[in-house]
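Notes follow the structure.
These figures come from a predicted structure and were not determined experimentally.
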Amino acid sequence: MRQITLIMLVAMTTTLAAYAAPVTIVDNAEPGACVVVPEEAHERISRAVAELVDCVQEASGAQLEIVTEPVAGMAAIHVGETDYVQSQAIELASESVDAYTIQFPEPDRIVILGASDSGTEFGVYGFLERFIDVRWLLPGEHGRDVPEQATITVPEEAVIDEPAFMSRLFSGSRGAHGQWAIRNGM
């Protein structure tokens with residue numbers, strides 16, 4: 001009897017996961033989400049959030065608002081340890097400094113959280129690459145590739161990422177090359 005119950009539970013969970021609704025952050029060039037950051041976000045997080053907003057605007061023409069509290073009626077992309085993230089007690093699978101997770105704790109809520117500020121920064125760039133198809137092909141302002149999309153939806157696919165080894169150092173990375181390396185997960 002226990003096995004049948006377990007099999008039914010697994011089947012129901014799998015079926016529900018297959019029907020999980022994606023989160024629409026831009027609908028026909030109109031913003032459908034805001035980006036929520038902690039009141040005193042570290043410079044690394046602020047820089048990554050600015051890149052997120054800029055890439056979404058370049059892709060769709062929609063300007064996502066950066067706020068410290070969610071806006072009613074809009075999806076929310078929580079970046080870092082916002083009050084909401086703290087209330088959800090989201091844990092990382094790794095204590096690695098550069099580890100991050102992208103989770104969907106409830107409908108219309110996306111959480112990008114790192115084990116540190118640098119992990120959160122890597123999480124934002126990972127989100128852009130995985131869900132918006134942004135690529136940083138070359139260092140500098142002309143090396144970014146952002147495909148046009150009037151509507152941007154993010155499938156509810158939880159992500160856990162951690163470096164395979166302790167250091168992500170790319171020797172000689174300074175200035176524009178340094179930021180390019182960070183955007184590419186180095």
Expected output: side-chain [X] to main-chain [Y] donor-acceptor under 3.5 Å:
X: T120; Y: G114; result: yes
X: T68; Y: P38; result: no
X: E51; Y: Y125; result: no

Working to the nearest 0.5 Å, report the span between [atom1] of [X] and [atom2] of [Y].
X: I66; Y: C34; atom1: CD1; atom2: SG; value: 10.5 Å
X: D145; Y: L138; atom1: CG; atom2: CG; value: 10.5 Å
X: D133; Y: C55; atom1: CG; atom2: SG; value: 11.5 Å
X: E91; Y: Q103; atom1: CD; atom2: CD; value: 9.5 Å
X: E156; Y: I102; atom1: CD; atom2: CD1; value: 13.0 Å
X: E30; Y: I25; atom1: CD; atom2: CD1; value: 14.0 Å

Does the side chain of [X] reach to within under 4.5 Å of the side chain of [Y], using non-hydrogen atoms?
X: T151; Y: V26; result: no
X: R47; Y: E43; result: yes
X: D83; Y: E69; result: yes
X: E106; Y: Q88; result: yes
X: S118; Y: V97; result: yes
X: F104; Y: I110; result: yes
X: V23; Y: F131; result: no
X: P31; Y: M74; result: yes

Nearest atoms (heavy-atom pairs only) where [X] meets [Y]:
X: T101; Y: V159; answer: OG1-O, 2.8 Å
X: A150; Y: S60; answer: O-CB, 4.2 Å
X: V85; Y: G80; answer: CG2-O, 3.4 Å
X: I112; Y: G123; answer: CG2-C, 3.5 Å
X: L113; Y: L92; answer: O-CD2, 3.5 Å
X: I152; Y: A59; answer: CD1-CB, 4.2 Å

Is R144 salt-bridged to E58, going by a charged N under 4.0 Å from an acidic O? yes
Would you kindly confirm whether [X] and [Y] end up in one hydrophobic cluster when ILVMFWY residues are joined by side chain heavy atoms under 4.5 Å apart?
X: V111; Y: I45; value: no
X: L128; Y: V36; value: no
X: L52; Y: V146; value: yes

Give a yes or no on this: more than 12 heavy atoms of other residues, nucleotides or ligands lie within 6.0 Å of atom CD of Q57. yes
Going by ring pair (Phe, Tyr, Trp, His ring centres under 6.0 Å), name the pairs with one or both residues in residues 47-86, residues two or more places apart or in two chains. H78-Y84
